[in-house]
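Residues take their numbers from the sequence shown, with the count starting at 1. As the structure is a computational prediction, the values presented were derived from the model and not from experiment.
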Amino acid sequence: MKRFFTLCLSALAILAAACSGPNDQGMEVSGAPVDAAFSLEPAEPVAGQPITFSVKVTQEGQPVDDAKEVSFEWWKDGQEQHQTIPAKLVSAGVYTAQQTISEPGSYFVYYHVTARDFHNMRKMSFTVKAADNAASASAPSAGHAASGIDFHLLPPDELKAQSEAVMLVHLMKEQQPFAGGTVRFEFWTGDEAKHSFADATEPSPGQYAGRLSFPAPGEYTVKVHLEKGDVHDHQNFTVTVQ
């Protein structure tokens, strides 16, 4: 009987070793950062014609086909209103989205890539020519903050009243994260005199997080305040609370 049990245990040990071999090693998740390479097609877009925004996402040189979210946020220089369009996977690691822009001028676009616990974003500039192929004059840059810092708010997908939510804001200057600042969120709805405030922490360079709780549903203004040395700046955003 002892010999029988010994043989059974040996067989189980061999089976377990075989099952935990190469297949388990292949399931290991890499901790290497995710890279993103942006491109625009055509390189010199024309007003009224489709533009394709594209980003190739890789990790250690291998395509990433399982990105949680990829999108492009674009706006015209001098305008505060931004438009965000989702991207779709079209080939190995390549995500694209198409947009037609009717007005010539100078534009900016952010790509946003969230994949494998990493978030990549970068601001790019491009010019849309008039339909006659003549280069148009650049619009004034009145929309830029005096400090030259870009504020980008990343609210949760869903905001509910009387429920605490984590609000993120990315601060960048000259395409580099603006780190080490003191950031505070101020928020209110309509013309109400009472404003609420929430201090932010900096979980990663240039990314600031605050916990906000909205008392009731509606449209709220969220003002992001920034202080660092001689820099004192702010930017307003609008969010919808359900």
Side-chain angles (χ1 to χ4, degrees), residues 33-40 53-59 64 67-87 95 97 99 105-128 138-157 166-187 198-212 221-239:
V34 170
D35 297 316
F38 175 82
S39 62
L40 190 70
F53 300 117
S54 177
V55 64
K56 185 171 184 179
V57 185
T58 58
Q59 187 178 45
V64 173
K68 182 178 180 181
E69 182 181 6
V70 180
S71 63
F72 299 96
E73 175 193 0
W74 65 273
W75 70 99
K76 190 175 183 180
D77 189 8
Q79 294 182 353
E80 293 188 1
Q81 183 176 1
H82 295 198
Q83 295 191 41
T84 301
I85 52 177
Y95 299 79
Q99 181 72 51
S106 297
Y107 287 80
F108 297 99
V109 60
Y110 266 116
Y111 65 72
H112 298 277
V113 176
T114 302
R116 301 178 182 178
D117 295 329
F118 289 93
H119 180 78
N120 284 22
M121 61 180 289
R122 187 177 179 184
K123 179 181 175 184
M124 314 294 290
S125 62
F126 64 98
T127 300
V128 176
S138 298
S141 57
H144 293 295
S147 63
I149 297 172
D150 291 318
F151 291 68
H152 180 77
L153 190 71
L154 295 172
D157 294 335
V166 176
M167 193 77 69
L168 296 176
V169 63
H170 282 181
L171 303 182
M172 301 186 72
K173 185 173 184 178
E174 297 176 351
Q175 299 188 6
Q176 297 297 322
F178 189 81
T182 299
V183 172
R184 196 181 195 198
F185 294 94
E186 176 186 4
F187 54 101
D199 293 328
T201 60
E202 188 177 5
S204 61
Q207 179 175 292
Y208 300 83
R211 295 184 177 274
L212 282 64
T221 299
V222 176
K223 177 179 284 188
V224 182
H225 296 270
L226 166 67
E227 293 186 12
K228 182 181 178 181
D230 295 333
V231 175
H232 298 268
D233 210 342
H234 64 268
Q235 188 77 27
N236 287 2
F237 299 90
T238 301
V239 299

### Query
To the nearest 0.5 Å, how far apart are CG in L171 and CD in E202?
8.5 Å
### Task
Kindly indicate whether a cation-pi arrangement holds for K223 with F237, taking the cut-offs as under 6.0 Å to the six-membered ring centre and within 45° of the axis.
no
### Query
Just wondering, more than 12 heavy atoms not from K56 lying within 6.0 Å of its NZ?
no
### Task
Calculate, to the nearest 0.5 Å, the distance between atoms OH and CG belonging to Y208 and L168 respectively.
12.5 Å
### Task
Answer yes or no: is there a side-chain heavy-atom contact under 4.5 Å between V55 and V70?
yes
### Query
Is the shortest heavy-atom distance from the side chain of Q83 to the side chain of E73 under 4.5 Å?
no
### Message
Testing the basics here: between G206 and P177, what is the closest heavy-atom pair and its distance to 0.1 Å?
### Response
CA-CB, 4.0 Å
### Message
Quick check: closest heavy atoms across H232 and G229, and the distance to 0.1 Å?
### Response
NE2-O, 3.5 Å
#### Entry: Reported CZ-to-OH distance for the pair F38 and Y111, which is rounded to 0.5 angstrom
9.0 Å
### Query
Is the backbone N or O of Q81 less than 3.5 Å from a side-chain atom of K76, with the two atoms forming a donor-acceptor pair by type?
no
### Task
Before giving the answer on side-chain contact (heavy atoms from CB on, under 4.5 Å), spell out for H152 and M172 the whole-Å C-alpha distance, their side-chain angles and the decisive distance to 0.1 Å.
CA-CA 8 Å; H152 180 77; M172 301 186 72; over 6 Å; no
### Query
Using 4.0 Å as the upper bound for N to carboxylate O, is an ion pair formed by K123 and D150?
yes
### Task
Report the distance from atom OG1 of T58 to atom CG of D35, rounding to the nearest 0.5 Å.
4.5 Å
### Task
Take F151 and I149, measure what side-chain contact (heavy atoms from CB on, under 4.5 Å) needs, and give me the verdict at the end.
CA-CA 6 Å; F151 291 68; I149 297 172; 4.1 Å; yes
### Query
Of the non-hydrogen atoms in V113 and A36, which two are nearest, and what is the gap between them?
CG2-CB, 4.3 Å
#### Entry: Side-chain heavy atoms of K228 within contact of T182, under 4.5 Å
no
#### Entry: Aromatic ring proximity F72/H112, centre distance under 6.0 Å
no
### Message
Walk me through whether Y107 and D77 qualify under side-chain contact (heavy atoms from CB on, under 4.5 Å).
### Response
CA-CA 5 Å; Y107 287 80; D77 189 8; over 6 Å; no
#### Entry: Pair H119-T114, side-chain donor/acceptor within less than 3.5 Å
yes
### Task
Using a 4.5 Å cut-off on heavy atoms from C-beta on, say whether the side chain of I85 contacts that of F53.
yes
### Sub-4.5 Å side-chain heavy-atom contact between L153 and M167
yes
### Query
Looking only at heavy atoms, which two atoms of A198 and R211 are closest? And how far apart?
CB-O, 3.5 Å
### Message
As an exercise, state the distance from OG of S39 to CE of M124, rounded to the nearest 0.5 Å.
### Response
9.5 Å
### Message
So which atom in A200 and which in F185 form the shortest heavy-atom distance, rounded to 0.1 Å?
### Response
CB-CE1, 3.7 Å
### Query
Counting N and O atoms only, with roles assigned by atom type, does the side chain of Y95 sit under 3.5 Å from a partner on the main chain of A67, one being a donor and the other an acceptor?
yes
### Message
Side chains of H225 and Q235: any donor to acceptor distance under 3.5 Å?
### Response
no
### Task
Give, for atom CD of Q207 and atom OG1 of T201, the distance between the pair rounded to the nearest 0.5 Å.
9.0 Å
### Query
For the residue pair A87 and A97, what are the closest heavy atoms and their distance?
CA-CB, 4.1 Å
### Message
Just checking F126 against W74, ring centres under 6.0 Å apart?
### Response
no
### Task
Go through R116 and V64 one step at a time and tell me if the side-chain contact (heavy atoms from CB on, under 4.5 Å) criterion holds.
CA-CA 9 Å; R116 301 178 182 178; V64 173; 3.8 Å; yes
### Task
Say whether, by atom type as modelled, one donor and one acceptor occur between the side chain of N120 and the main chain of V34 under 3.5 angstrom.
yes
